[in-house]
> 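Handing you this structure, nothing more for now.
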Amino acid sequence: MKIFHHDPVALPENAAMPNTATKPRFHVMVKPSGAQCNLDCSYCFYLHKQPMFGQPEMPRMPDTVLEAHVRQYIAAQEGTVVFSWQGGEPTLMGLDFFRRVVALQAQYSRPGQAIENDLQTNGVLLNAEWAAFLKQHNFLVGLSCDGPPELHDRYRRAKGGSPTAARVERAAELLRAHSVPFHALCVVNRSNARRPIDVYRYLRDTLRPRMIQFIPCVERRQHKTRAPGHWSAEETQGAPAELVTDWSLLPEDWGYFLDRIWQEWFKRDYGTVFIDQFENVISMLFGYGAQKCLTSERCGRALALEHNGDLFSCDHFVYPEYRLGNILDSEEGALLHGARQQDFGRTKSASLPDYCRRCDDLTLCWGDCPKNRFTHTPDGQPGLSYLCAGLRRFYATTRLHRRELVQRLGTGHDSY
């Protein structure tokens, strides 16, 4: 799950998307504690990485890997460099680890180069000391919450089975009290997908984050053993609900969820509440490009780094088939620009079925994330996103408001 650092969408007339960097921008999600977590969320797509890769019971990123990453990551980019710390649960590393992080960033950054950090957390371990550190060093926090307690606690429980919603609320209060900016990241699953307004109002009014991000929970039944793109023909046959885990949302529910929230947001909260999916679709409707990798024509610039230095093509592709190498042996920039990763990025658009290429929503969707392309088109061609039906419903709703968006944004795009 990725935290987005872009500002809320602003579309001045005749504006151009900035492109000041002389080196290609890329992003790495760092897993300093591997897949280890202090929660036991039923739907977690990452917990099974510990047995898959034979991780120790308490995986920890050693100083050698940490320093290599900070040095290589900064050296490979120009302009602002964004470090993302995720997991598992990265706060298990303790504050001393992150004190070393900021010290190394200061050591290796070039004069005038901006460094930013974000931290994705369940919030359980946050306290006043953590909040003071995060504020002092300008960390952006992503706080996981799936809506009201009865929905959040359905899947997000501690190791012993105890509920966690109250602790998330306390974490949000703590962050607000220390003026630490935070986003709410909500995993939309089989349960909360059917109560979109309850979820939205709880996040908006109770947690009160700077931005809300909705993550569709889609996991194939074989996700613990089979890498994306390596499924057999038999594993892509059947009704959608038969192909995924019991907690994965249904395609129609994803469309219903986004549609209902968009309607309330557009009528009541436009310009005051920021939802990354909505910013993204507005940006794309007006030709300003995708702000999310899953709606870009090409992917491959959002990688994942494990605690031992292994670099993978993507956060959702941490499987042996997508291991690019280890940063103690090869530079991150070289791995990014290597043939394997370049092929990975190009495959997203190159593998689109004809049904997608003919679709009116192609330039809003670009086939969705490749990890979700395990169903068939109406004419039987493989490679269709599991979420296609829901996405088409959502895009149809947003198109209905394009003329009003033109008026609100003052862009002068009368053709919309």
Side-chain angles (χ1 to χ4, degrees), residues 1-7 21 23 25-34 37 60-63 65-144 171-172 174-185 209-211 213 274 276 291-293 301-307 309 311 315 327 332-333:
M1 303 173 188
K2 179 179 177 181
I3 303 172
F4 293 93
H5 270 254
H6 60 264
D7 292 326
K23 295 180 181 179
R25 298 291 300 275
F26 69 102
H27 182 261
V28 174
M29 292 187 184
V30 187
K31 314 281 187 174
S33 58
C37 189
R60 295 292 182 267
M61 178 172 282
D63 288 343
V65 173
L66 175 61
E67 184 167 3
H69 171 60
V70 172
R71 176 182 59 79
Q72 295 177 23
Y73 194 52
I74 290 174
Q77 304 193 69
E78 302 216 4
T80 300
V81 181
V82 180
F83 285 82
S84 294
W85 308 96
Q86 306 207 4
E89 175 52 43
T91 59
L92 292 172
M93 296 297 296
L95 268 174
D96 284 344
F97 174 83
F98 288 98
R99 292 188 180 106
R100 292 196 295 276
V101 165
V102 296
L104 287 167
Q105 290 171 344
Q107 177 182 341
Y108 286 107
S109 62
R110 297 184 290 277
Q113 187 174 35
I115 303 292
E116 296 181 1
N117 288 277
D118 58 56
L119 178 77
Q120 176 58 35
T121 179
N122 54 45
V124 169
L125 295 180
L126 296 184
N127 56 25
E129 186 180 13
W130 267 102
F133 171 86
L134 296 169
K135 176 62 178 176
Q136 178 185 358
H137 296 286
N138 301 311
F139 273 63
L140 170 65
V141 174
L143 187 63
S144 296
L174 178 73
L175 294 171
R176 288 198 304 269
H178 286 78
S179 300
V180 177
F182 72 96
H183 295 178
L185 274 70
R210 191 174 82 171
M211 182 180 287
Q213 181 178 355
F274 300 103
D276 82 319
Q291 298 179 345
K292 296 164 68 72
C293 59
R301 296 196 178 278
L303 299 89
L305 181 68
E306 261 294 343
H307 74 288
L311 190 68
D315 185 35
I327 65 170
E332 287 182 29

> Heavy-atom distance under 4.5 Å between the side chains of Gln213 and Lys292, does that happen here?
yes
> Which pair of heavy atoms, one from Ala76 and one from Gly333, lies closest together, and at what distance?
CB-CA, 4.3 Å
> Measuring from atom CG of Leu134 to atom CG of Asn117, what distance do you get when rounded to the nearest 0.5 angstrom?
9.5 Å
> Hey, does Gln105 have a side-chain heavy atom less than 4.5 Å from the side chain of Val81?
no
> Going by salt bridge (charged side-chain N to carboxylate O under 4.0 Å, His left out), name the pairs with one or both residues in residues 131-144, residues two or more places apart or in two chains.
none
> Would you list the pairs meeting ring-ring contact (aromatic ring centres under 6.0 Å, His included) in which at least one residue belongs to residues 114-133, sequence neighbours left out?
Phe98-Trp130, Phe133-His137, Phe133-Phe139
> Side chains of Gln113 and Ile74: closer than 4.5 Å at any heavy-atom pair?
yes
> Given Leu143 and Asn122, is the side-chain contact (heavy atoms from CB on, under 4.5 Å) satisfied, shown in steps?
CA-CA 6 Å; Leu143 187 63; Asn122 54 45; over 6 Å; no
> In terms of side-chain heavy atoms, does Trp85 have a donor or acceptor partner in Asp118 at a distance below 3.5 Å?
no
> Would you say the side chains of Ser84 and Gln120 form a donor-acceptor pair under 3.5 Å?
no
> What closest approach, in Å, do Pro32 and His307 show between heavy atoms, and which atom pair accounts for it?
O-CB, 3.4 Å
> Would Arg99 and Glu129 satisfy salt bridge (Lys or Arg N to Asp or Glu O under 4.0 Å), going step by step from the backbone distance to the final call?
CA-CA 12 Å; Arg99 292 188 180 106; Glu129 186 180 13; 3.2 Å; yes
> Salt bridge (charged side-chain N to carboxylate O under 4.0 Å, His left out): which pairs involve residues 68-77, sequence neighbours left out?
Arg71-Glu331
> Report yes if the side chains of Leu140 and His183 come closer than 4.5 Å at any heavy-atom pair, otherwise no.
yes
> Nearest 0.5 Å, please: how far is CD in Glu306 from CD1 in Ile327?
11.5 Å
> Where do Ala171 and Leu126 come nearest, in terms of heavy atoms and distance?
CB-CD1, 4.3 Å
> Say you draw a straight line from CE of Met211 to CG of Leu185; how long is it, rounded to the nearest 0.5 Å?
10.5 Å
> To the nearest 0.5 Å, how far apart are CD in Gln77 and CD in Glu332?
9.0 Å
> Return yes if a side-chain donor-acceptor contact under 3.5 Å exists between Ser33 and Glu89, otherwise no.
no
> Distance check, rounded to the nearest 0.5 Å: Leu92 atom CG versus Leu125 atom CG?
6.0 Å
> Closest heavy-atom contact between Arg60 and Met93?
CD-SD, 3.3 Å
> Hey, mind stepping through Val102 and Gln136 against side-chain contact (heavy atoms from CB on, under 4.5 Å) and telling me if it holds?
CA-CA 11 Å; Val102 296; Gln136 178 185 358; over 6 Å; no
> Not counting sequence neighbours, which residues clear salt bridge (charged side-chain N to carboxylate O under 4.0 Å, His left out) with Arg100? List them please.
Asp63
> Is His27 close to Leu303 at the side-chain level, that is, under 4.5 Å between some pair of heavy atoms?
no
> Which pairs pass ring-ring contact (aromatic ring centres under 6.0 Å, His included) with one or both residues in residues 100-129, sequence neighbours excluded?
none
> Rounded to the nearest 0.5 Å, how far apart are CG of Asn127 and NE2 of His178?
9.0 Å
> Ignoring hydrogens and geometry beyond distance, is a side-chain donor-acceptor pair present between Asp315 and Gln86 at under 3.5 Å?
no
> Can you name the nearest heavy-atom pair linking Val180 to Ala131, along with the distance?
CG2-O, 3.6 Å
> Are the ring centres of Phe83 and His69 closer than 6.0 Å?
yes
> Going by ring-ring contact (aromatic ring centres under 6.0 Å, His included), name the residues that satisfy it together with Phe182, two or more places apart in sequence or in a different chain.
none
> Write down the atom of Thr80, the atom of Arg25, and the distance for their closest heavy-atom approach.
O-NH2, 2.8 Å
